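Along the sequence shown, residues carry numbers from 1. What you see is a predicted model; the values in this text were computed from it and never measured. Indexing begins at 1, ligand by ligand and atom by atom, following the structure's order.
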Amino acid sequence: MIDYSKYYSKLATGIKASEVRELLAIISQRKEVISFAGGIPDPALLPREELAEIARDVILRYGDVALQYSETKGIREVRETLCDYLHKKKNIHCEPEGIVITTGSQSALDLIARVFIDPGDIVITENPTYLAAIGAFKNAGARIIGIPLDDKGMRTDLLEKKLMEMPKEQIERVKYIYTNPIAQNPAGVSMSFDRKKHLMEIASEYNLLIVEDDPYSYLVFEEGVDKTNLKSMDKENRVIYLGTASKILSPGLRIGWVVSSTDIARRIELVKQYVDLHSPSLSQIILSEAIKQGIIDKVLAKALPMYKSKRDTMLKAMKENFPDYVWYSKPIGGLFVFAYIHREGFDSGALLKKAIDLYKVAYVPGGSFHVDGHGKNSMRLNYSYPSHEQIHIGVQRLAKLILESTN
Ligand SMILES: Cc1ncc(COP(=O)(O)O)c(C=O)c1O
């Protein structure tokens, strides 16, 4: 038997095998378990017929492009369609030369980390924040500083305070502020317009870049929520905007996009050529046709009322079943409720196996979303994938787990 360990890189050796990840990987085969774990769209929203027709048409009509290798930064016509769409929907101005199409926004997070981070550099994030962004930044050797959030998003007053306290040499090492300003994963909150303005002012004052990760602004179902994108407020070209087709069309297409300055786009392109040459040509053209035919708008017209009512079902079930020492967010959009169980010693990660095996319910332990080792007493709960009935029963099971583990 070969001992492979001496061959592995520090990166591969350093990534800890996570029991949580392994447990969650097998629950899809266990039908009796109700899963609140993934960030998965409701299957009824996937536009099967429309995409089947588009795929057939695209292969027959544009086979020479769709089935071939293509440009690293994305097929030009697709970039043009996307720029148009972002301008119309988000008031984001972009040039086809300033956009790079990526393999989902997860690969954009990885590319951005490779482009900006040297080991020991600093990234500032919300705390809690998207766990796989933390992973991508850490893989590149980043140190992460977390800023608390409340129901108006990142506490920019605390961000400013933090920066004021930091020595100049440390600020020099801050490569970007990563934020998920609208319907944040995992907290489901949105930044108020005043905070967005404040964040842009701080970035300008301290000369910092901002990475705006925006999968969920299309999925805000409450009225009166500010949906202005930071990128649309960006006069100095310091916002790097990430979008994705995953939550509004299909995650299986694996298509995302990064909008930035042409200079940064060029760097991303240079790094990307050695990662995957380009993102799938076929998926790119399918996306562009789906945009032109208004398929995304049709998906969203169904998604918004559906997710709102699923969120309502989850919150109602929580209100009825959870003890009063559980605090949970009231998301204004997106796919998740985030909960803290305020009882000494409650550890959602340590309880996950029991939750799955005994109580037949799964969630993502909240510790992985915190950048400072806190949050062991928290969990992220997805409401987009399970049915109303599953949400109802699953929350009852969770409540039982919480009650039986805390007295
Ligand atoms: C905040 C955030 N960023 C990025 C991603 C990655 O999405 P994808 O790679 O499917 O575009 C997700 C997925 O859940 C997410 O929630």
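- Remark: among candidates Gly252, Gly104, Ser105, the nearest residue to atom 7 (O) of ligand 1 is Ser105, based on non-hydrogen atoms.
- Relative ring orientation between Tyr340 and Trp327 is described as tilted, the plane-to-plane angle lying within the 30° to 60° band.
- Within 6.0 Å of the NZ atom in Lys330, the count of heavy atoms belonging to other residues, nucleotides or ligands exceeds 12.
- Near Arg254, the atoms of ligand 1 lying under 4.0 angstrom from a non-hydrogen atom of the residue are 8 (P), 9 (O), 10 (O).
- Contact check for Tyr307 versus Leu45: side-chain heavy atoms found under the 4.5 Å cut-off.
- Using 4.0 Å as the threshold, Gly256 has no heavy atom nearer than that to any atom of ligand 1.
- Looking from atom 3 (N) of ligand 1 to the surrounding protein, the closest heavy atom is Asp213 OD2, 2.6 Å.
- For the side chain to side chain donor-acceptor pair (under 3.5 Å) test, residues two or more places apart in sequence or in another chain that qualify with Lys90 are Ser217.
- Here His87 pairs with His93 under the ring pair (Phe, Tyr, Trp, His ring centres under 6.0 Å) rule; sequence neighbours left out.
- By the 3.5 Å distance cut-off applied to N or O atoms, Tyr216 is counted among the residues near ligand 1.
- The shortest contact between atom 5 (C) of ligand 1 and any protein heavy atom is with Tyr130 OH, 3.4 Å.
- Relative orientation of the His370 and Phe338 rings is tilted, given thresholds of 30° and 60° on the angle between their planes.
- With hydrogens and angles left out, the side-chain atoms of Lys231 and Asn237 include a donor and acceptor closer than 3.5 Å.
- Heavy-atom contacts of Pro215 reach the following atoms of ligand 1: 1 (C), 2 (C), 3 (N), 15 (C) (cutoff under 4.0 Å).
- For Lys360, the NZ atom is densely surrounded, since the number of other residues' heavy atoms within 6.0 Å is greater than 12.
- Looking at atom 10 (O) of ligand 1, its nearest protein heavy atom turns out to be Ser246 OG, 2.6 Å.
- Nearest non-hydrogen protein atom to atom 14 (O) of ligand 1 is Lys247 NZ, 2.9 Å.
- Within the 4.0 Å heavy-atom cutoff, Gln184 does not count among the residues contacting ligand 1.
- Counting atoms of ligand 1 from 1 in the listed order, those under 4.0 Å from a heavy atom of Asn180 are 1 (C).
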